[in-house]
There are 2 protein chains.
Amino acid sequence: MAREVGVTAKTVSRVLNDDGPVAVETRERVMAAVTKLGYQPNLMARNMRVGARDAAIGLVIPEMGNPFFGMVAGGIESAVRARGLTLIVGSSSETADLEQSLIATFLARRVSALMVVPSAASDHRHLRTERVAGLPIVFLDRPAVGLRADSVVSANREGARSGVAHLVAYGHRKIGFVGDLPATLYTRRERFQGYRDALDQAGLPFDRSLVETGHDQEAASRAALRLLSLDDPPTALFAANNLASMGTVLALSRAGRRDVALVGFDDLPLAEVLDPPLTVVAQDPAGMGATAAELVLSRLDGDRSRARRSLVPTRLLVRGSGELPPPR
Amino acid sequence: MAREVGVTAKTVSRVLNDDGPVAVETRERVMAAVTKLGYQPNLMARNMRVGARDAAIGLVIPEMGNPFFGMVAGGIESAVRARGLTLIVGSSSETADLEQSLIATFLARRVSALMVVPSAASDHRHLRTERVAGLPIVFLDRPAVGLRADSVVSANREGARSGVAHLVAYGHRKIGFVGDLPATLYTRRERFQGYRDALDQAGLPFDRSLVETGHDQEAASRAALRLLSLDDPPTALFAANNLASMGTVLALSRAGRRDVALVGFDDLPLAEVLDPPLTVVAQDPAGMGATAAELVLSRLDGDRSRARRSLVPTRLLVRGSGELPPPR
DNA sequence: TTGTAAGCGTTATCAA
DNA sequence: TTGATAACGCTTACAA
């Protein structure tokens, strides 16, 4: 395009890429034309010729609106920015179909790497070809299904165990579990295991009726209310994710109950201001993104070691709601 | 690539695009090879040949972690998904430089449209060329600077006015303003104007000492505390964005003050559970994203009418904190 | 210091 | 129904 202006064709390329030698006067004429025409070299053409992949990382998350994934994306982006990589994000609405088609789009686009927060029912066998071809693929928050691949997940089980053990340490012997759906979801299962671990370690019996489930804030709220209206209700609750926490807080607030202890998994913005302030097992979403990004970068740099699972530690933030003693 | 398998070259293209006539048997052989090799046509090459732009929309936001922008992105994405467009997101960290370089990357990538939440100090004159070339460009949350272009923004001024008028209606005559930084930011200025509008309409004097500022939650908290410790302190506060709201709530909670009325701009997740529940002027981030997306789509469909500014209405959510009367 | 030819993977055009 | 050829905008390799 800019070749109309000066006189040449590929000299422009030389100028723009600081490639071969260029006469000062030529360079200036070219640059002038470039700024005048607002010329932008076509990246697609360049990549195709060079055989390079698109300088982008494809990220699939279940839901854009969820701040947890927003912070994950933020962690990735800042870790990756220095390398000139941009982030392409798509949301799967937690469905396997959309996830697949997003991944297909990313692959057709020849992204440099793939990062996926798998939806509940998805399967990743079809990515084997790409994996062996050397495309960096990292799974976030939940591991891959049917594929050995890198993954970065929270210390869900240990975190949940510590949260529940905290309640046990304050004297609770009947502790309700408010989980999300579907119950087959990796994080849900792991955190549930942590809950059981804590009970086992304390020699407390597992009571199936103390487990309730809700897939959004309102449903979680109802789930918490069901637990509280049992004949022999729990004296403490453990909420297994941020929506469950919010729902449970809502339920307690509506019921005017300030006597029920509560520990939530995942931190909330105003946790400190609640009454009582909310004790949580905090995750580190930005750290998770950054860890995954570093893993991807090392893979791009040629690290071919075998797939690893990275565990991002959680932190118990003691604020009040988890330290309420059982009534007596 | 798949041409090794069958016998042909561009017949594959015919099959994959349902183009010319293809023998049933040929089609089957091709499809077989495609699935066997996991073949994905190279989108970059296709776009280059067809002269089409990349089927992606470039979105620049100031901060990934902020749920407000996450919801905006979500609104865009779902509105645009049906058209087969994907979303490319970059964050500018609220700096003009990064914003510019992100935009340049998107342009080099030949995105089909550009959506920008401008950072505070940026200027968009350089986008004129693209605009006149017909590239859809929409500014979100804040309008463009130095460029006539489509924009979709909240009804900041009217929303703020109604929030402050609400406080006035409950008898307050000294109302503090907790804003964010920089004070030159469009949303900040508009909401401040709304605040003044409400005072004017009520015949209340404007008092410069009742205006304080903080650029994050902690700073906003300190700002609120400064207002409360004035000799003649305000009986009500208006917080001009979500961070300011959270900081103010924090300050009131720490100071144990339940007697100060508060209206926040932008809703918060647990607003309902706070004590007192938080009255807010709610924005509609997902709606904002959807509106912007529809604007872009109509532009892509050839709508060349002149640039328009779309105002997304706000909604006053009455919950308690804004209805506290002044002490007497 | 600059130009020429070729080719990246795809599709439009025309011929077989 | 299929193939050959050229072209999209760029860069590599080599020649001028």
Side-chain angles (χ1 to χ4, degrees), chain A residues 1-34 36-56 84 104-112 129-130 133-135, chain B residues 1-34 36-56 84 104-112 129-130 133-135:
Chain A
M1 283 299 162
R3 44 209 55 157
E4 334 290 20
V5 196
V7 265
T8 47
K10 111 115 204 177
T11 310
V12 180
S13 164
R14 282 200 252 261
V15 173
L16 267 50
N17 299 317
D18 277 341
D19 205 23
V22 187
V24 186
E25 193 249 356
T26 314
R27 140 169 286 115
E28 281 173 359
R29 270 192 309 157
V30 172
M31 292 309 279
V34 163
K36 181 166 143 246
L37 277 75
Y39 171 78
Q40 295 272 145
N42 187 324
L43 254 187
M44 297 191 288
R46 171 175 219 290
N47 287 337
M48 194 172 74
R49 171 65 241 239
V50 182
R53 305 195 65 98
D54 191 349
T105 313
F106 291 158
L107 292 177
R109 196 185 261 297
R110 300 297 189 267
V111 292
S112 297
T129 325
E130 317 291 334
L135 182 76
Chain B
M1 283 297 164
R3 43 208 55 153
E4 333 291 20
V5 194
V7 265
T8 47
K10 114 115 200 178
T11 309
V12 179
S13 165
R14 281 199 253 261
V15 173
L16 266 49
N17 298 317
D18 277 341
D19 205 22
V22 187
V24 185
E25 193 249 355
T26 314
R27 143 168 284 115
E28 282 174 358
R29 270 193 308 157
V30 172
M31 291 311 278
V34 164
K36 180 166 144 247
L37 276 73
Y39 171 77
Q40 296 273 144
N42 186 324
L43 255 186
M44 297 192 286
R46 171 173 220 291
N47 287 337
M48 192 173 75
R49 170 65 243 239
V50 181
R53 305 197 66 99
D54 191 349
T105 312
F106 290 158
L107 292 177
R109 202 185 258 300
R110 300 295 190 267
V111 291
S112 298
T129 324
E130 318 291 335
L135 182 76

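Given the structure is predicted, the values throughout are model-derived calculations rather than measurements. Throughout, protein chains are lettered first and strands after them, A, B, ... in sequence-line order, and every chain is numbered starting at 1.
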Short N/O separations, protein against nucleotides 4-8 of chain D, under 3.5 angstrom:
residue, atom, partner, partner atom, Å
dA7(D), N3, R49(B), NH1, 3.3
dC8(D), O2, R49(B), N, 3.3

So, is Y39(B) near the phosphate of dT10(C), with a side-chain N or O under 4.0 Å from OP1 or OP2? yes

Can you list every side chain to side chain donor-acceptor pair (under 3.5 Å) pair that touches residues 17-27 of chain B, not counting sequence neighbours? S13(B)-N17(B), D18(B)-R27(B)

Test side-chain hydrogen bond (donor to acceptor under 3.5 Å, both in side chains) applied to S112(B) - qualifying residues, sequence neighbours left out: none

With the side chain counted from C-beta on, respond yes when N47(A) and R110(A) share a heavy-atom pair under 4.5 Å apart, and no when they do not. no

Rounded interatomic separation in angstrom, taking CG from N47(A) and C1' from dG9(D): 12 Å

Are V30(A) and V22(A) close enough that some pair of their side-chain heavy atoms sits under 4.5 Å apart? no

Using heavy atoms and a sub-4.0 Å distance, could you list which residues of residues 18-27 of chain A are near DNA chain C? By number, please. P21(A), V22(A), A23(A), T26(A)

Rounded to whole angstroms, how far apart are CZ on R46(A) and C1' on dG9(C)? 17 Å

Nearest-angstrom distance from the residue atom CZ of R53(A) to C1' of dG9(C): 14 Å

Could you work out, with side chain to side chain contact (heavy atoms under 4.5 Å, CB included) as the rule, every residue matching A32(B), not counting sequence neighbours? none

Rounded to the nearest 0.5 Å, what separation is found between the CG atom of N42(A) and the CZ atom of R49(A)? 15.0 Å

Could you check how far CZ of R29(A) sits from C1' of dT2(C), rounded to whole Å? 11 Å

Would you classify N17(A) as touching base, sugar-phosphate or nothing, given that sugar-phosphate means primed atoms plus P, OP1 and OP2, and contacts are heavy atoms under 4.0 Å? sugar-phosphate

Roughly, in whole Å, what's the span from CG in L43(A) to P in dG9(C)? 18 Å

Would you say V15(A) and V34(A) make side-chain contact, with heavy atoms under 4.5 Å? no

Short side-chain N/O contact from S13(B) to OP1 or OP2 of dT10(C), under 4.0 Å: no

Determine yes or no for a side-chain-to-main-chain donor-acceptor pair under 3.5 angstrom, with R53(B) supplying the side chain and V111(B) the backbone. yes

Return the set of residues passing side-chain hydrogen bond (donor to acceptor under 3.5 Å, both in side chains) with D54(B) (not counting sequence neighbours), or none when no residue passes. R109(A)

On DNA chain D, check which nucleotide each of T11(B) and R110(B) is closest to and give me the residue with the more 5' one. T11(B)

